[in-house]
**Student:** 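Here's a structure for you.
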Amino acid sequence: MLIVDDQRVVREGLSMLLGLIDGLDVVAVAADGDEAITQVEESDPDVVLMDLNMPRTDGIEATRRLAISHPHLPVIVLTTYTDDERVFAALRAGARGYLTKDAGAAEIEAAITAATAGKVHLDPDVQRRLLETLRSGAAFGIPDGDPVEPSGRSAPAQGASAAPGTAPDGLTRREVEVFQQIAEGRSNAEIAANLYVSEATVKTHINHIFAKTGVRDRAQLVAYAFRTGVAGPPS
């Protein structure tokens, strides 16, 4: 693990705390985003614990760069900030987790386990706001199987007028439902049980979502929600 924080006492405290977790080794620390990128190249960590407010290159920009140069390296944000602007910016940048510095060792360990498994782990308050936004932004009025055009209007049937929708990139209502389940961190088996379909069907929907949206993995789907307007910051 790489710990990135501009405060030395935080870096040292986290190193001691996380060093007590079995199977977890802190291989390097960094004081800002530039050092983080250098340490990733030199130390090859399995996961990065990233602060946001740092000098030179901040955590959001460092996360964005790492998502490009090391797309399979999970970055978990650990910060004092919980405002929507920073949360959404971090997720858009590619963060696979977002925790506050009130988090204990058990929650940090859970976030690391989730992130390394390709899932997203969020602070409970952040997750609550995210889910509220996703639920309010999803196009539940779209008939299952009807694609929604990127323009924001559902594709009309012949002789029918277009109905309003919010899902871009041709996503169907069922794909939006699967999308929401993924954003909540559920596995394929859990999604299948919740939607009363087979896991094979879930995998097919996920493949369609990835193909239509151009995202790389499940973590990027959360950022996709805010980038495209399927969901956005509450007004």
**Student:** If hydrophobic residues (ILVMFWY) are linked whenever their side-chain heavy atoms come closer than 4.5 Å, directly or via other members, who joins Leu17 in its cluster?
**Tutor:**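 Taking Ile, Leu, Val, Met, Phe, Trp and Tyr as members, Leu17 stands alone, with no cluster partners.
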
**Student:** Using side-chain contact (heavy atoms from CB on, under 4.5 Å) as the criterion, list what pairs up with Val202, not counting sequence neighbours.
**Tutor:**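 In terms of side-chain contact (heavy atoms from CB on, under 4.5 Å), with neighbours along the sequence ignored, Val202 is linked to Asn188, Ile191, Ala192, Val197, Ile206.
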
**Student:** Could you pull out all residues at least two apart from Thr204 that satisfy side-chain contact (heavy atoms from CB on, under 4.5 Å)?
**Tutor:**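 Testing Thr204 for side-chain contact (heavy atoms from CB on, under 4.5 Å), a comparison that skips the adjacent residues, returns His208.
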
**Student:** Please enumerate all residues that pass side chain to side chain donor-acceptor pair (under 3.5 Å) together with Ser43, with sequence neighbours excluded.
**Tutor:**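 Side chain to side chain donor-acceptor pair (under 3.5 Å) check on Ser43 returns Gln39.
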
**Student:** Once side chain to side chain donor-acceptor pair (under 3.5 Å) is applied, do any residues pair with Asp32, and if so which ones, sequence neighbours excluded?
**Tutor:**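 Side chain to side chain donor-acceptor pair (under 3.5 Å) list for Asp32, sorted by chain: Arg56.
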
**Student:** Which ILVMFWY residues can you reach from Ile68 by hopping between side chains whose heavy atoms are under 4.5 Å apart?
**Tutor:**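 Noted: Ile68 shares its cluster with no other residue.
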
**Student:** Mind checking what makes side-chain contact (heavy atoms from CB on, under 4.5 Å) contact with Thr38, not counting sequence neighbours?
**Tutor:**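 Result, side-chain contact (heavy atoms from CB on, under 4.5 Å) vs Thr38: Glu42.
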
**Student:** State which residues pass side chain to side chain donor-acceptor pair (under 3.5 Å) with Asn53; sequence neighbours excluded, sorted by chain then number.
**Tutor:**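 Asn53: side chain to side chain donor-acceptor pair (under 3.5 Å) contacts with Tyr81.
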
**Student:** Which residues, ordered by chain and number, are linked to Met50 in its hydrophobic cluster, where ILVMFWY side chains connect at heavy-atom gaps below 4.5 Å, directly or through other members?
**Tutor:**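 So far as hydrophobic clustering goes, Met50 is joined with Leu2, Val4, Ile37, Val40, Val48, Met54, Leu66, Leu73, Val75.
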
**Student:** Can you pull out every salt bridge (charged side-chain N to carboxylate O under 4.0 Å, His left out) where at least one residue sits in residues 65-74? Sequence neighbours excluded, please.
**Tutor:**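 Every salt bridge (charged side-chain N to carboxylate O under 4.0 Å, His left out) pair that includes a residue of residues 65-74, provided the two are not neighbours, is Asp34-Arg65, Glu61-Arg65.
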
**Student:** Only pairs at least two apart or in different chains count here, so list each salt bridge (charged side-chain N to carboxylate O under 4.0 Å, His left out) that has a residue in residues 3-15.
**Tutor:**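 Output for this query lists Asp5-Lys101, Arg8-Glu12.
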
**Student:** Return the set of residues passing side chain to side chain donor-acceptor pair (under 3.5 Å) with Thr201 (not counting sequence neighbours), or none when no residue passes.
**Tutor:**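 Listed in chain order: Ser198.
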
**Student:** After noting the C-alpha distance and the side-chain angles of Glu199 and Lys203, does the key distance pass the salt bridge (Lys or Arg N to Asp or Glu O under 4.0 Å) rule?
**Tutor:** CA-CA 6 Å; Glu199 286 192 53; Lys203 290 179 181 178; 5.2 Å; no

